[in-house]
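This is a predicted model, so every value here is computed, not measured.
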2 protein chains.
Amino acid sequence: MKTKADVIVKSSSTEERIKEAARKVFTQKGYAATRTRDIAEEAGLNLALLNYYFRSKEKLYDMIMIEAVQGFASRVIKIVNNEYTTFYEKTELMTENYMEFLIDHPGLPLFIINAMNDDPKKFFSKIGFKRPDSNVMIRQLVQILMEEEKKIHPINIMVNMMGMIVFPFLSAPIALKMGNVSKDEFIMVLEQRKKLIPVWIEAIIKSS
Amino acid sequence: MKTKADVIVKSSSTEERIKEAARKVFTQKGYAATRTRDIAEEAGLNLALLNYYFRSKEKLYDMIMIEAVQGFASRVIKIVNNEYTTFYEKTELMTENYMEFLIDHPGLPLFIINAMNDDPKKFFSKIGFKRPDSNVMIRQLVQILMEEEKKIHPINIMVNMMGMIVFPFLSAPIALKMGNVSKDEFIMVLEQRKKLIPVWIEAIIKSS
DNA sequence: GTCTATAACCTGATAGAC
DNA sequence: GTCTATCAGGTTATAGAC
């Protein structure tokens, strides 16, 4: 029988310690700039163990990257394909959900964007992404745009929503510098965004 | 006396050919992943020449990076600090100016964002960025927010504007894939954005 | 499973001929 | 200025002892 203590021990097993260190270093420095030695050191282990568990730097990276994307995607899929919420309810759910998540993982957006842009074809194949014919959220958006006789391309709305959520985490250094704000103040700015993004999306649609 | 032909020859001198190749490769793969050999090959030259002209990989990178940022910044500074245009005129000028520029240089945003996030302190010191006490555009924005009694932080407006302009170029692969659009169609989507971003910014301010 | 030592390879930079 | 050849150092991955 497994006790709770066993589970905790298991969850910080050597394998998991390596993955955790890899997540940290890869996210911070990107694939090319991280050395396997950095990861081993960060995990408090020896370099050879890394290859014992994961065979190669690339395989370890792939695993980290795929899990990062799936952690991201799993959140969105449930919200996006729910038939019982409206489009605007979905913007609220996505904003709330992602902003919370990203405040805890501020390096993830750039990590994923780099992985994606580095080699889009490989990226989408690795994460097993299949273009959906359509999803509920986009169908609802198209419906709204049609009813309100807006000619704007739905992509432009979706890009705005994702950008509003994600872009602050990409531009934080310059925003902090230009706005002359502290990190604590920046968190408050983000909290303000969380409430406003759904309002903004609606205003954008109405004004288009 | 220098003829026009001389100038053209001069502008594709060995030094300039190396820089052009470096721009292309660094922008595409980032600092760590590019090998000096890649740049030499791209320039149709051999590796030793690269060190003859630029002494090291890092010095070459710094030069490319600084010029990229300055090409970006020089455009904005003139617009942002003009006392004779309104805030909303500035949003139009910036959108128009940047979108055109980025359609021709779609890889630049990610290149600069990576350089900045990699080591913000070093980045700002290299490009010689000094925090301005304030700039005309932000002063005008603060004025508008005050008059309309909006409590929103001006950074959130500025981040939205920059994000609306830049984010499509970071998320192009996923936008193309999810929206099931071709590259030509995506250009049209961007053209549509160009007209709408200033309208959206105004709508965002009014709704905040 | 974990370690040390080392193999095999790659990369930035330079020496030296032309 | 431009090239080929090469060095010196670093990196991934593995062999082999424990």
Q) Does R35(A) come within less than 4.0 Å of E41(A), counting only side-chain N to carboxylate O? A)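 Between E41(A) and R35(A) there is no salt bridge, as every charged N stays at least 4.0 Å from the carboxylate O atoms.
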
Q) Within the distance-only criterion (no hydrogens, no angle test), does the side chain of K194(B) pair as donor or acceptor with the backbone N or O of E100(B) below 3.5 angstrom? A)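 Judged by distance alone, no pair lies under 3.5 Å.
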
What nucleotide, of [options], holds the atom closest to the side chain of [X]?
X: L45(A); options: dC3(C), dT11(C), dC3(D); value: dC3(C)
X: S56(B); options: dA13(C), dC3(C), dA13(D); value: dA13(C)
X: T36(B); options: dA13(D), dA15(D), dA13(C); value: dA13(C)

Distance check needed: [N] [atom2] versus [X] [atom1], whole Å only.
X: D38(A); N: dA13(D); atom1: CG; atom2: C1'; value: 16 Å
X: N51(A); N: dG1(C); atom1: CG; atom2: P; value: 16 Å
X: K57(A); N: dG10(D); atom1: NZ; atom2: C1'; value: 12 Å
X: L50(B); N: dT4(D); atom1: CG; atom2: P; value: 15 Å
X: L49(A); N: dT2(C); atom1: CG; atom2: P; value: 5 Å

Q. Relative to the 5' end of DNA chain D, which residue comes earlier, R35(A) or A48(A), by the nucleotide with the nearest heavy atom?
A.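 The residue whose closest nucleotide sits nearer the 5' end is R35(A).
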
With respect to the phosphate group of [N], does any side-chain polar atom (N or O) of [X] fall under 4.0 Å of OP1 or OP2?
X: T14(A); N: dT2(C); answer: yes
X: Y52(B); N: dA13(C); answer: no
X: N46(A); N: dT2(C); answer: no

Q. Checking all strands, does R55(A) fall into the base, sugar-phosphate, or nothing category for heavy-atom contacts under 4.0 angstrom?
A.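 Sugar-phosphate contact only.
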
**Q.** Passing option when E42(A) is tested against R17(A), K19(A), K24(A) for salt bridge (Lys or Arg N to Asp or Glu O under 4.0 Å)
**A.**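 Among the candidates, only K24(A) passes.
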
Q) In this structure, are over 12 heavy atoms from other groups packed under 6.0 Å from D104(A) atom CG? A)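 Correct, the count exceeds 12.
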
